[in-house]
Visitor: 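Sharing a structure, written as structure tokens. Questions coming.
Residue numbers begin at 1 in each chain, while the letters A, B, ... track the order of the sequences.
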Number of protein chains: 2
Amino acid sequence: MSTAEADDAGAPPAGRGAETVDSYGAAAVDSVAGGGPATTVADLGEEALLAAFTPLLPQAARVLVPSGDDSAVVAAPDGRYCVSTDVLVQGEHFRTDWSTARDVGARAAAQNLADIAAMGARPTALVVSLVLPRTTSVAWVQDLARGFADACAGTDAGVVGGDLSVGDRVVIAVTVHGDLDGRRPVRRSGARPGDIVVHCGTLGRSAAGLALLQAGLDGRSDGWDDAVAGAHAGARGDAGGDGVTINNDGAAAAAQCLRIYRAPEPPLAAGPALADAGATAMMDVSDGLLRDADRIARASGVVVEIADPDGDPEAGLTHDLAALAPVAGLLRPDAVAARDLARAWVLTGGEDHGLLATLPPSAVERLPEGSRVIGAVRARRVGEPAAVLIGGRVPERLGWDHFHA
Amino acid sequence: MSTAEADDAGAPPAGRGAETVDSYGAAAVDSVAGGGPATTVADLGEEALLAAFTPLLPQAARVLVPSGDDSAVVAAPDGRYCVSTDVLVQGEHFRTDWSTARDVGARAAAQNLADIAAMGARPTALVVSLVLPRTTSVAWVQDLARGFADACAGTDAGVVGGDLSVGDRVVIAVTVHGDLDGRRPVRRSGARPGDIVVHCGTLGRSAAGLALLQAGLDGRSDGWDDAVAGAHAGARGDAGGDGVTINNDGAAAAAQCLRIYRAPEPPLAAGPALADAGATAMMDVSDGLLRDADRIARASGVVVEIADPDGDPEAGLTHDLAALAPVAGLLRPDAVAARDLARAWVLTGGEDHGLLATLPPSAVERLPEGSRVIGAVRARRVGEPAAVLIGGRVPERLGWDHFHA
């Protein structure tokens, strides 16, 4: 973070133009953060900025040496730790006009935490590198920290260190850690013929939320927030805006999609629970159900059969399809086209970060809440590639590479 | 990394505009990377790019589950791990016309590895998030990976995961981990009256190198490379350019400064060695000797006295000052001004990432190579603040905030 001094003095362009700290708490903080809502990070300077937002970050339960030294020290009682990293770039992964800072912080944390859950581990500690434009408001950074706290609520995980720099666009690089508590890590390569395929968490909501925003439907100007509030209170009626009419079920579903696009809600506790139930392979669905199921199939050398929700009313995805159909109806007046769009969201939409797992059939009695059986694993036939099938067929498209709402 | 498909199809601006992978090896790589030296990352696409540079990354000795799953799993035999993160932003921390990609990779890794050494730990694993402009050449990314390998050479550390995205400027966010091997972590707060103050590694070279580059002296156009080669061969003579005359000693010193600015060479093995020698406090010098010594003083509640190299020919910093004087002479014809500049580099120049430690006096027999005693710790007198002193006096300036070459 460039301080006011550095700016005033014409800091060198590539030397210490951006002052950094080893960890969020590395600099001694003597001054109290202040300033009004329009105060920028450049106004405040590094030390006061740190004082303004680090108290809002979630605390880690298992940190032995907290932020303030060159490294944090975190307990790894298992004798191993899981580690994963994800970076979010303004304009690429989020837009500040579509998502609040709190949404962005929650999303950055949640998609990282999901990578830990997907190994069957329990998240413990995050470190966060932030690149911020000098004009970023301090309030935005504070809300970002609150979003991290939102996503870590109910877990032992917290932010144990970080780094700050300036740049043209916001970049949020998160590294997350987890403890396996003695469990075998659940990899992508362990799916076995005969296993059931389970998904836990939401599917397709993030893609639907993005499609709504791209169509200019943000839920706020359209009055859905009110509609949802009304629905929650048990009221009945229609709410609409900009020519869009939506009933309360559709409003609630659309509002959920926007919420999950802005800040996904991965079922973190289900990761260890699925591992304990005997999961043979697992990953979080970040690039679409079919694409990620295909990755498990290829890593495991098996065929992963997903039951087609269009052909089988008992298929595990039928409810997802039904829930998204009214949302798709907002964008496609034709019922068949809407159904196709909802199907695409469910099968190929990414970034809900639910958990996709394979387990022995006997595990069906021990599945965590929110799980549904969506298919089965079988051996490859002679000459057949390891791949995902939907309704017994090779999918026309797997995921985001070719997905356009 | 946005694939060619995403570009062709007009990817949404803030949804999946940038495709990412959970880890460098997450995507199955079926194609072999190709293309000429001008091939860009957008030309190649994500999977081929991964295939082109991940084999060049350093491998970690203690990884249990490598890149390719949602998380890597790393051994933590100590039952704890150290973790730290540092981010580098193009134009803020490096310039591609001043540093090669290999320099930048080595620097990104080295400054992170130093944070582990400074705790008395041994580096084990790194994860790297890369934000790359679409126009970045594949060769540049390959050289970046080679730089990581350079910095990790001689250690057990390697890159166990990462993430890719696109953006306007290169951003390199590194998270580093280390194992304490049963040692007590050496914090900043443990310095005790009576301790000696030791520095191990180079000081002021990075600041001097930056100052040379800012003055347009890059060592290449000035023929220092030849001069250094000549000096190494035992030849005598002068080499100069752009009106700068420099003897071989000066040329060698200037070349060293440029090299260390571009890719610092922290004494990684000295971290555990200093811890084993009884270090009571330690940190790596990233923001200048006096500023970082002041942090130890304040965290420990003591006074850290650094012996003034100008007043005491036996002071530990005298050699540093003598080595940098001819380099400063390139920028300040006046001998007194040159001496002042060299002094500023030694006392307040950051980013060499040497190790600053306090130890009991008896440890002087067990110091690792490259260490020199540069001062002593004493108790505060009545009313005296915990702070650093140089030659018994409060320093005029501590470090980079007010340092301008």
Side-chain angles (χ1 to χ4, degrees), chain A residues 3 5 9 12-19 22 28 64-65 69-77 79-87 89 91-95 98 115-116 118-119 127 129 131 160-163 165-169 171 173 175 185 187-188 210 214 283-284 298 400-401 404, chain B residues 3 5 9 12-19 22 28 64-65 69-77 79-87 89 91-95 98 115-116 118-119 127 129 131 160-163 165-169 171 173 175 185 187-188 210 214 283-284 298 400-401 404:
Chain A
T3 58
E5 293 94 336
R16 296 291 297 186
E19 293 232 316
D22 289 334
L64 303 173
V65 175
D69 281 278
D70 287 32
S71 302
V73 182
V74 182
R80 302 165 294 178
Y81 58 91
C82 297
V83 57
S84 182
T85 192
D86 263 331
V87 63
V89 180
E92 301 288 341
H93 301 91
F94 64 90
R95 278 173 47 164
W98 283 356
D115 283 325
I116 295 300
M119 301 301 286
V127 295
S129 277
V131 179
V160 302
D163 193 19
S165 183
V166 293
D168 295 332
R169 289 203 275 179
V171 177
T175 302
R187 303 185 60 177
R188 299 178 180 185
L210 174 61
Q214 287 175 322
M283 60 188 297
D284 79 302
R298 286 187 290 147
W400 281 100
D401 271 4
H404 307 291
Chain B
T3 60
E5 293 94 336
R16 296 291 295 186
E19 293 233 316
D22 289 332
L64 303 173
V65 175
D69 281 278
D70 288 31
S71 301
V73 183
V74 182
R80 302 166 294 177
Y81 59 91
C82 297
V83 57
S84 182
T85 193
D86 263 331
V87 62
V89 179
E92 301 288 341
H93 300 91
F94 64 89
R95 278 172 48 164
W98 283 356
D115 282 325
I116 295 299
M119 301 300 287
V127 295
S129 278
V131 179
V160 301
D163 193 19
S165 183
V166 293
D168 295 332
R169 289 204 274 179
V171 177
T175 302
R187 303 185 60 177
R188 299 178 180 184
L210 173 61
Q214 287 175 322
M283 59 188 298
D284 80 302
R298 286 187 291 146
W400 282 99
D401 272 2
H404 308 291

Visitor: If I compare all heavy atoms of A:P185 with all of B:V65, which pair ends up nearest, and what's the gap?
Guide: CG-CG2, 3.9 Å
Visitor: For residues B:V131 and A:E92, determine if any side-chain heavy atom of one lies less than 4.5 Å from a side-chain heavy atom of the other.
Guide: no
Visitor: Distance-only, no hydrogens or angles: does the A:D284 side chain make a donor-acceptor pair with backbone N or O of B:D70 under 3.5 Å?
Guide: no
Visitor: Restricting to non-hydrogen atoms, name the atom on B:D163 and the atom on A:T85 that form the minimum distance, rounded to 0.1 Å.
Guide: CB-O, 3.6 Å
Visitor: Say whether, by atom type as modelled, one donor and one acceptor occur between the side chain of A:D69 and the main chain of B:R188 under 3.5 angstrom.
Guide: yes
Visitor: Just so I know, are the side chains of B:S71 and A:V83 near enough to count as touching, which here means a heavy-atom distance under 4.5 Å?
Guide: no
Visitor: Measure distances from B:R169 to the heavy atoms of chain A and classify the residue's part below 4.5 Å as side chain, backbone, both or neither.
Guide: side chain
Visitor: Indicate the atoms forming the closest heavy-atom contact of B:V73 with A:C82, along with that distance.
Guide: CG2-SG, 3.9 Å
Visitor: If every non-hydrogen atom of B:Y81 is compared with every non-hydrogen atom of A:A75, which pair is closest and at what distance?
Guide: CE2-O, 4.1 Å
Visitor: Given that the side chain runs from C-beta out, which part of B:V74 has a heavy atom under 4.5 Å from chain A: side chain, backbone, both or neither?
Guide: both
